[in-house]
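In what follows, a single structure is set out as structure tokens and then discussed.
We use all heavy atoms of the structure for the numbers below, so side chains are in, but hydrogens, waters and symmetry mates are not. Count residues from 1 along the sequence.
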Amino acid sequence: PVTPDNFDAWEGRIESPPGFASWARRYRPDAIITLQPLIVRKWLTPLGLQVPHDIALVSLNLQPNQPRFSGINQNNSLLGAAAVELVVEQ
């Protein structure tokens, strides 16, 4: 399984982390909340799970390339502009 000790070696890889398939089959979640819905959807496909028919995916940071997902639009452009404005005002 992925642990804090080996997470850095796994992070960002497309294949599902060890134990994901058995976890998904055992607990059968209604939804998964993630920062990477495009990657997690790829993990679900070999399990025969289709989004949104079988399971929901929720993005914690919606991006323009994720138009069909539900989640939080943090409006990164506006947030970045506000940050720059704060720095300039100092």
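Between Leu47 and Ala24, the closest heavy-atom pair is CD1-CB, 3.9 Å.
Residue pairs meeting the side chain to side chain donor-acceptor pair (under 3.5 Å) criterion with at least one member in residues 44-60, sequence neighbours excluded: Ser59-Gln66. For residues 78-90, no residue pair satisfies the side chain to side chain donor-acceptor pair (under 3.5 Å) rule, not counting sequence neighbours.
Looking at residues two or more places apart in sequence or on another chain, you find a side chain to side chain contact (heavy atoms under 4.5 Å, CB included) between Ala56 and Ala31. Taking Phe20 as the reference, Trp23, Trp43 meet the ring-ring contact (aromatic ring centres under 6.0 Å, His included) condition, with sequence neighbours excluded. For Gln63, the side-chain hydrogen bond (donor to acceptor under 3.5 Å, both in side chains) partners at least two apart in sequence or on another chain are Asn61. Shown here are the side-chain hydrogen bond (donor to acceptor under 3.5 Å, both in side chains) partners of Thr34, two or more places apart in sequence or in another chain: there are none. With sequence neighbours left out, Arg26 forms a side chain to side chain contact (heavy atoms under 4.5 Å, CB included) with no residue at all.
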Return a table of donor-acceptor pairs under 3.5 angstrom between the side chains of residues 71-84 and protein atoms on other chains or two or more places apart.
| from | atom 1 | to | atom 2 | distance (Å) |
| --- | --- | --- | --- | --- |
| Asn73 | OD1 | Asn75 | N | 2.8 |
| Gln74 | NE2 | Leu60 | O | 2.8 |
| Asn75 | OD1 | Leu78 | N | 3.3 |

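Hydrophobic clustering keeps Val58 apart from Ile32 (ILVMFWY residues linked when any side-chain heavy atoms are closer than 4.5 Å, directly or through intermediates).
Counting non-hydrogen atoms of neighbouring residues, nucleotides and ligands closer than 6.0 angstrom, the CD1 atom of Ile33 reaches no more than 12 such neighbours.
In this structure, the separation between CG on Leu35 and CG on Leu62 is 10.5 Å, given to the nearest 0.5 Å. With values rounded to the nearest 0.5 angstrom, Arg28 atom CZ is found 10.5 Å from Ile55 atom CD1.
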